[in-house]
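Please read the structure below before turning to the comments.
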Amino acid sequence: MAFPTSASLSYIPTSLPLSSSSSSSSSTRPVFPCRSAARPPPPAAEFPSNENPNPSLSDQLRPLSLTLLKQTSPLLLTPSKQNPTWTNPSKPKPSVLLPHRHPRPTHSHNPDLRRLSLLSRSLSVSSSDDDFDKAFPNPLPHSSALLLLNSLRPWHKAHRFFLWLQSKSPSSPLETIFYNVVLKSLRAGRQFSLAESLANEMIHIGVPLDNITYSTLITCAKRCRRFDRAIYWFNKVYQAGLLPDEVTYSAILDVYAELGRREEAVALYERARASGWTPDHVPFSVLAKMFGEVGDYDGIQYVLKEMKMLDMKPNVVVFNTLLDALGKAGKPGLARNLFDEMLAAGLTPDEKTLTAMIKIYGKSRWGRDALDLWDRMRANKWPVDFILYNTLLSMCADLGLEEDAEKLFDEMQQSDRGQRQQPDSFSYTAMINIYGSGGKPDRALKMFDEMLERGVEPNVMGSTCLIQCLGKATRIDDAVRVFNVAIERGIKCDDRLCGCLLSLVALCDEADMSKVAACLEKANPRLVRFVAMLGDEGAQFEEVKEELRGILNEANVDVRRPFCNCLIDICRNRGYPSRRAHEILRLGTMYGLYSGLHTKGSKEWHLNLRSLSIGAAKTVFEEWMEALFDSIEHEETLPQIFSVQTGSGAHRFSQGLAYAFSSYLEELASPFRQNGEIGCFVAMKEDLISWLRSRNSSDGDKQIEV
DNA sequence: CTAGGGTTAG
């Protein structure tokens, strides 16, 4: 893919309307506060919490920097007011950030380096003030103290050394650089509170904070998920009468990006650009990742366009984030083109590049591209690391490449133990996944047991895959055993695992029901009660509706449809009151979980049953037939062709639906015929009408029974 | 590594 040439003038967010919020400005808090008017820090509650990487619409629309878009910030207006002769917009006066970086001292090679490095290692066993006193009876030279401070690990040793240095010069405070170095160490140790108190100490005793101090504080806050404090310290830069330089600026850009506050991040970027900033690679990587996170393809295009405009050649990191972003935006073809472009530009892909590409091909089920790339990796001796190994295994799982995965897994097992390439829970999960989705429960189970023997902790996904596979083979006792082992080993039951247990409820016979219910009781007792309610003839629709709504509200968005699918299966398989399956389907439809199943054209009406469970597919089909019968009765115009699609089972989770649905249609003696393509069933109008008429006259009841 | 920013697995 070439960089896009049709460049629109500015980024228009795809998912968020701008217009609605641009009228209220009185309560907005400028990102670039006026120097004279120091503002109190924003309340922490104003920022989305850690658990919420995708803030609500209102969060995103909180017009923190929409003030920037409207250019109402006093600081931003001052240049033209103070300096009316400044009229060349192509060379704007820098107003929001420094055009240059903080100057750093050039380092002469210190002859003590080696000695100090050995010393820092010996101090790393224990480091008390006594140790420091013994090691340095004479005052330490400035540069040696700094080098040692920088090399002490973990953070508390550096911090203790810092305190010791402070105690050695009680009359004069340590210079900024000492604070900066120890702050870096505190960041590595994720000690934000301590870092912040040191920064406050600097302010208190008059040690100047510089851009290095601020950027370290901001990234430390970011790593500790204290985004509110990151923004607080960014505002502090302006309050102190300084301007951020491009490192500090990129750091805060990354904070907004991580918060998912995309408009504000873009506004920050554009404001800096407008004031003459020529960004380096970092902000593009930050923005690309931000857009990729939400699959915002237009956002990715915006990043490409900006780089193109600046005639900037992406480096490997930028390519990596762009490739990953395109994958997340569901554009495997564009990712492939961009990867080719990267090679054509003479860059060598690294582990992360290849991980991104293999992941994309696996998820898209582009088997040929995946295997082709794998061959090229080996032929070119491109670097491979542990994560790439595991990604290759997951790709094999996605594509059902059992033999390739086995070879790779063996390779990992034969690697040196020190290399950290021994299979871990991720690798085992991939193997369990391969065997599980290939219908080989024995091998999957063997993998799980082997994993436990080798002391590798199971994870929730591997356990879920295995339980699902054992469930499909109706090996309920094994499934229950695996569940209990997983729980004993500290697995936290997530919604997917709950859904998996729910599918066991649908599959097991009456004798095993209590064992499965006991598992589900540990995972989600509410579901156990709800299943009982569904089986109770006396339960009213309103009760079912309320309880289902509660359950779905508590559940993760992407398990809601699987939950309903499973519940429908349970109703049908366990002989619950026959209206129940239809009630769940109706409610699921009401909650928008089954939208887009029907397509009505003038020549053909189509029913898409892909990603439905067998029971849900049957129930949806029954409702469709009922609706069609009504249409016939009311003599509506019908098309010539009716088609149903179940999917061919290319996706491992939909395996079996085409087959099950085919025999179901045969049982019903329906006129639908599989039409060349697997999983595609077609009936002609006349055949369908006569079949529906005969069924409804012989049944006497409009409900189609199986 | 040598005081500060960006990229990898369901």
Side-chain angles (χ1 to χ4, degrees), chain A residues 101-110 112-113 116-117 120 143-144 146-153 175-185 187-188 209-220 222-223 230 244-255 257-258 279-290 292 314-325 327 349-360 362-363 383-395 397-398 424-427 429-430 432-433 459-465 494 496 558:
Chain A
R101 290 219 191 169
H102 191 100
R104 22 174 63 186
T106 48
H107 276 272
S108 59
H109 210 70
N110 193 314
D112 278 349
L113 189 84
L116 282 167
S117 130
S120 88
S143 59
S144 305
L146 269 176
L147 272 167
L148 190 57
L149 184 61
N150 195 40
S151 62
L152 281 176
R153 249 148 292 232
E175 294 162 35
T176 302
I177 188 170
F178 285 92
Y179 280 91
N180 290 348
V181 172
V182 78
L183 283 175
K184 198 182 74 164
S185 186
R187 184 185 61 190
L209 287 75
D210 61 15
N211 259 293
I212 296 174
T213 322
Y214 287 115
S215 61
T216 311
L217 279 169
I218 289 167
T219 51
C220 181
K222 193 198 95 183
R223 278 190 209 177
D245 67 6
E246 89 176 319
V247 176
T248 310
Y249 208 83
S250 295
I252 201 65
L253 203 60
D254 192 36
V255 168
E258 193 120 323
D280 63 9
H281 289 109
V282 176
F284 295 113
S285 174
V286 166
L287 292 175
K289 187 186 176 194
M290 172 181 83
N315 62 12
V316 176
V317 175
V318 173
F319 270 116
N320 290 352
T321 46
L322 282 168
L323 291 170
D324 196 53
D350 66 9
E351 297 89 333
K352 288 165 187 164
T353 321
L354 298 166
T355 298
M357 291 311 298
I358 291 292
K359 191 178 102 185
I360 289 168
K363 293 279 145 287
V384 180
D385 66 3
F386 183 62
I387 292 177
L388 181 48
Y389 263 118
N390 275 342
T391 307
L392 285 164
L393 276 183
S394 300
M395 179 269 287
D398 287 329
D424 71 348
S425 69
F426 236 96
S427 330
T429 296
I432 290 169
N433 208 342
N459 65 24
V460 65
M461 188 195 171
S463 313
T464 305
C465 287
D494 63 7
R496 285 178 195 224
D558 46 66

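Lettering follows sequence order; numbering is per chain, from 1.
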Options [options], nucleotide nearest the side-chain atoms of [X]:
{"X": "Lys352(A)", "options": "dG10(B), dT7(B), dG4(B)", "result": "dT7(B)"}
{"X": "Asp245(A)", "options": "dT7(B), dG6(B), dG4(B)", "result": "dG4(B)"}
{"X": "Lys363(A)", "options": "dG4(B), dG6(B), dG10(B)", "result": "dG10(B)"}
{"X": "Met461(A)", "options": "dT7(B), dG5(B), dG10(B)", "result": "dG10(B)"}

Any donor-acceptor pair under 3.5 Å joining the side chain of [X] to the base of [N]?
{"X": "Thr248(A)", "N": "dG4(B)", "result": "yes"}
{"X": "Asn320(A)", "N": "dG6(B)", "result": "no"}
{"X": "Asp210(A)", "N": "dG4(B)", "result": "no"}
{"X": "Ser250(A)", "N": "dG5(B)", "result": "yes"}

Between [X] and [N], is there a contact of a side-chain N or O with OP1 or OP2 at under 4.0 Å?
{"X": "Lys222(A)", "N": "dG6(B)", "result": "yes"}
{"X": "Lys359(A)", "N": "dA9(B)", "result": "yes"}
{"X": "Lys289(A)", "N": "dG6(B)", "result": "no"}
{"X": "Arg187(A)", "N": "dG5(B)", "result": "yes"}

Reckon [X] touches a base, only the sugar-phosphate, or nothing at all at heavy-atom distances under 4.0 Å?
{"X": "Asp254(A)", "value": "sugar-phosphate"}
{"X": "Val182(A)", "value": "nothing"}
{"X": "Asn150(A)", "value": "sugar-phosphate"}
{"X": "Asp424(A)", "value": "base"}
{"X": "Val181(A)", "value": "sugar-phosphate"}

Length of the line joining [X]:[atom1] and [N]:[atom2], which is rounded to integer Å:
{"X": "Tyr179(A)", "N": "dG4(B)", "atom1": "OH", "atom2": "P", "result": "19 Å"}
{"X": "Leu209(A)", "N": "dG4(B)", "atom1": "CG", "atom2": "C1'", "result": "13 Å"}
{"X": "Leu392(A)", "N": "dT8(B)", "atom1": "CG", "atom2": "P", "result": "17 Å"}
{"X": "Leu388(A)", "N": "dT7(B)", "atom1": "CG", "atom2": "C1'", "result": "14 Å"}
{"X": "Leu149(A)", "N": "dT2(B)", "atom1": "CG", "atom2": "P", "result": "14 Å"}
{"X": "Leu287(A)", "N": "dT7(B)", "atom1": "CG", "atom2": "C1'", "result": "14 Å"}
{"X": "Ile177(A)", "N": "dA3(B)", "atom1": "CD1", "atom2": "P", "result": "6 Å"}
{"X": "Asp324(A)", "N": "dT8(B)", "atom1": "CG", "atom2": "C1'", "result": "7 Å"}

With the six-membered base ring of dA9(B) as reference, does the ring of Phe426(A) sit under 5.5 Å away with planes under 30° apart?
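Yes; centroid distance and tilt both under limits.
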
Could you give the distance separating dG6(B) and dT2(B) at their P atoms, to the nearest angstrom?
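To the nearest whole Å, 13 Å.
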
Expressed as a whole number of Å, how far does the P atom of dC1(B) sit from that of dG5(B)?
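Those two atoms are separated by 12 Å.
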
Just wondering, do Lys289(A) and Asp254(A) contact through their side chains at under 4.5 Å, heavy atoms?
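They are not in side-chain contact.
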
Do Asp398(A) and Lys359(A) meet the salt-bridge criterion of a basic N to acidic O distance under 4.0 Å?
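Here Lys359(A) does not pair with Asp398(A) in a salt bridge, since their nearest N and O are not under 4.0 Å apart.
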
Any ion pair linking Asp385(A) and Lys352(A) (charged N to carboxylate O, less than 4.0 Å)?
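Salt bridge flag = no for Asp385(A) with Lys352(A).
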
Run the salt bridge (Lys or Arg N to Asp or Glu O under 4.0 Å) test against Asp245(A) and tell me which residues pass, sequence neighbours left out.
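For Asp245(A) there are no salt bridge (Lys or Arg N to Asp or Glu O under 4.0 Å) partners, ignoring immediate neighbours.
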
Listed by chain and number, what are the side-chain hydrogen bond (donor to acceptor under 3.5 Å, both in side chains) partners of Thr391(A), not counting sequence neighbours?
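By the side-chain hydrogen bond (donor to acceptor under 3.5 Å, both in side chains) rule, Thr391(A) matches no residue at all.
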
I'd like to know if the side chain of Ser185(A) reaches the main chain of Val181(A), judged simply by a donor and an acceptor atom lying under 3.5 Å from each other, with no hydrogens or angles considered.
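The answer is no, because no donor-acceptor pair under 3.5 Å joins these two groups.
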
Got more than 12 heavy atoms from elsewhere within 6.0 Å of CZ, Arg187(A)?
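Counting neighbours around CZ of Arg187(A), more than 12 heavy atoms of other residues, nucleotides or ligands fall under 6.0 Å, so yes.
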
